[in-house]
Amino acid sequence: MKKLKLVSVLLIALLMAILAVGCSSNNASSSSEGGEKGSKGGKVNVGIVLPTKDEPRWVQDETRFKDALVDSEYSTEILFSQGSSAKEKENVETLISKGIDVLIIAPHDGAAAGAAVESAKKDDITVIAYDRLITDTDAVDYYVTFDSVAVGEAQGQYLIDHAGDGKGIPLYLYAGAASDNNAFLFFEGAWNKLQPKIADGTFVIANSSEAESLKDKAELSRDELGKILGQVTTNWDPNEAKNKAQTNLTAANTDLKGDVAILAPNDGTSRAIADVFGTDPDVSSYVVTGQDAEMASIQYIIDGKQSMTVFKDVRTLVTDAMGMAVDILDGETPETTGTYDNGSKEVSAKQTDVIVVEQENVKSELIDSGYYEASEFSGL
Ligand code: GAL
């Protein structure tokens with residue numbers, strides 16, 4: 001009897017141990033991939049897939065999603081694709097296996113993500129493209145985004161308003177990754193503003209023969225935009241941006257230095273490019289754009305090393321995306337404000353405006369709005 005008792009006690013202990021290990025591995029795997037798991041009993045209602053944890057922009061979104069989900073009755077999980085479409089597909093499959101009803105996804109590569117969302121569609125999962133559009137597939141139901149053309153227009157207009165008077169101002173062009181549909185929209189917006197000023201000689205293009213050959217063309221086709229991006233892309237990688245800037249400045253003669261204007265597509269690449277131009281003895285001053293209001297760039301703006309950034313209040317995008325998800329889970333039709341042609345269909349969309357931030361309005365736009373704490377910056 002005693003022996004039996006001992007055996008059953010040991011068995012129970014063993015069982016407990018197995019159970020304990022099960023729970024933590026779940027937590028460990030999802031947290032190591034940056035997962036926030038609020039699932040109740042394993043089912044996940046809303047799956048969220050973000051491009052990479054290696055860029056501050058998407059860590060901002062993760063933080064804001066976590067804030068937004070605290071009191072949610074629905075379970076969610078956030079996974080990162082680490083710059084890989086294969087990992088992205090794997091993430092979507094993982095979430096499908098957890099029974100999601102809604103997938104919110106910012107694709108690493110807008111076209112390559114088609115396969116992943118098509119497998120979600122097969123399971124009647126509602127797909128919401130987040131910030132970046134998924135192209136050339138019917139398997140996208142909704143799109144929440146910022147006005148990406150307005151981002152580029154704000155950057156272009158800023159260079160026109162701040163790059164000084166006179167003619168022949170050297171203009172260095174840089175862009176995002178061609179795999180990202182937004183990179184085309186950003187550049188299209190910048191071109192809308194800059195092209196007339198290039199055509200009238202105010203700006204001289206310093207680093208792109210493709211753009212130079214198209215300088216008299218106000219509206220560029222997707223192919224023409226693609227040709228320019230092919231020459232000036234940073235692939236959203238600060239190191240690649242730095243190398244490209246160094247190569248451009250090494251190739252440039254002094255006519256293309258002095259007081260210059262730089263179109264940098266986002267904050268990470270902007271800081272890398274500014275550091276290169278800032279240390280070239282023949283560059284007397286530069287005006288450089290940015291995007292995303294990353295903390296490090298806000299400090300650069302306060303310190304006068306970056307001229308501006310385009311603030312995209314991620315809290316709004318997260319609220320819109322989760323609002324849509326909850327509507328769908330509640331059997332309602334989400335509110336949208338327009339559509340985007342993704343090359344296969346008109347996708348119903350909700351679009352948010354953007355705000356230009358420079359030294360003068362850092363406090364009013366980012367501190368007073370509670371986006372950041374003043375204590376996170378020096379010299380404010
Ligand atoms: C874009 C996004 C930007 C930017 C970039 C790099 O699609 O809209 O905010 O940061 O990707 O990840």
Side-chain angles (χ1 to χ4, degrees), residues 34 48-65 80-85 87-88 104-113 128-135 140 143-155 174-190 225 229 232-242 244 263-273 288-298 300 306 308-318 320-321 340 342 349-357 366 371:
I48 300 162
V49 178
L50 299 174
T52 177
K53 209 168 180 138
D54 299 337
E55 287 176 40
R57 155 67 214 259
W58 305 108
V59 177
Q60 281 191 44
D61 298 75
E62 181 195 25
T63 308
R64 303 300 179 182
F65 267 114
F80 284 90
S81 305
Q82 296 315 93
S84 147
S85 294
K87 176 75 184 163
E88 184 176 86
I104 296 173
I105 173 167
H108 164 63
D109 176 321
I128 301 174
Y130 179 83
D131 191 274
R132 294 174 173 179
L133 190 56
I134 297 167
T135 55
V140 184
Y143 179 35
V144 289
T145 184
F146 294 100
D147 184 343
S148 298
V149 172
V151 169
E153 289 181 345
Q155 293 171 333
Y174 300 96
S179 56
D180 177 359
N181 186 62
N182 282 344
F184 287 82
L185 300 176
F186 299 146
F187 198 85
E188 177 193 331
L225 284 167
L229 261 62
V232 303
T233 184
T234 62
N235 282 313
W236 296 129
D237 176 0
N239 286 321
E240 196 167 326
K242 178 176 153 223
K244 241 191 183 97
L263 178 73
N266 76 341
D267 283 351
T269 55
S270 182
R271 295 192 301 278
I273 293 164
V288 65
T289 61
Q291 172 184 188
D292 295 328
E294 290 176 13
M295 261 197 235
S297 276
I298 298 306
Y300 260 48
Q306 183 177 327
M308 61 86 82
T309 187
V310 179
F311 172 40
K312 307 195 314 185
D313 193 334
V314 169
R315 296 170 297 187
T316 307
L317 208 65
V318 165
D320 286 349
Y340 268 74
N342 80 340
K350 189 156 191 204
Q351 181 172 286
T352 299
D353 293 337
V354 297
I355 299 164
V356 169
V357 169
L366 297 174
Y371 201 76

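Read the numbers this way: they start at 1 and go in the same order the structure lists the ligands and their atoms.
Close approach of ligand 1 to D180 (heavy-atom distance below 4.0 Å) involves ligand atoms 1 (C), 7 (O), 11 (O). Close approach of ligand 1 to Q291 (heavy-atom distance below 4.0 Å) involves ligand atoms 3 (C), 9 (O). Taking every non-hydrogen atom of D131 and a distance limit under 4.0 Å, the qualifying atoms of ligand 1 come out as 2 (C), 7 (O), 8 (O). Annotation for ligand 1: atoms under 4.0 Å from non-hydrogen atoms of N182 are 1 (C), 7 (O), 8 (O). Distances below 4.0 Å separate heavy atoms of R132 from the following atoms of ligand 1: 1 (C), 5 (C), 6 (C), 7 (O), 11 (O), 12 (O). Less than 4.0 angstrom separates some heavy atom of K312 from each of these atoms of ligand 1: 2 (C), 3 (C), 8 (O), 9 (O). For ligand 1 and F186, the ligand atoms under 4.0 Å from any heavy atom of the residue are 8 (O).
The nearest non-hydrogen atom to atom 4 (C) of ligand 1, considering only D292, L50, N181, V151, comes from D292.
Ligand 1 has no atom lying under 4.0 Å from any heavy atom of F146.
Of the options D267, D131, T52, N266, a side-chain hydrogen bond (donor to acceptor under 3.5 Å, both in side chains) to R57 is made by D131 and by none of the others.
The protein non-hydrogen atom at the shortest distance from atom 12 (O) of ligand 1 is E55 OE1, 2.4 Å. Of the protein's non-hydrogen atoms, the one nearest atom 5 (C) of ligand 1 is W236 CE2, 3.5 Å.
At distances below 3.5 Å, at least one donor-acceptor pair connects side-chain atoms of T233 with backbone N or O atoms of G176. Side-chain atoms of Q351 do not come within 3.5 Å of backbone N or O of D147 as any donor-acceptor pair.
Considering only heavy atoms from C-beta on, Q155 stays 4.5 Å or farther from F187 through its side chain. You'll find the side chain of I105 reaches within 4.5 Å of the side chain of E88, heavy atoms only.
Classification of the F65-Y130 ring pair by plane angle, with boundaries at 30° and 60°, yields tilted.
Interatomic distance, F80 CZ to E55 CD, rounded to the nearest 0.5 Å: 11.0 Å.
E294 and Y300 share no donor-acceptor pair across their side chains, judged by distance under 3.5 Å alone.
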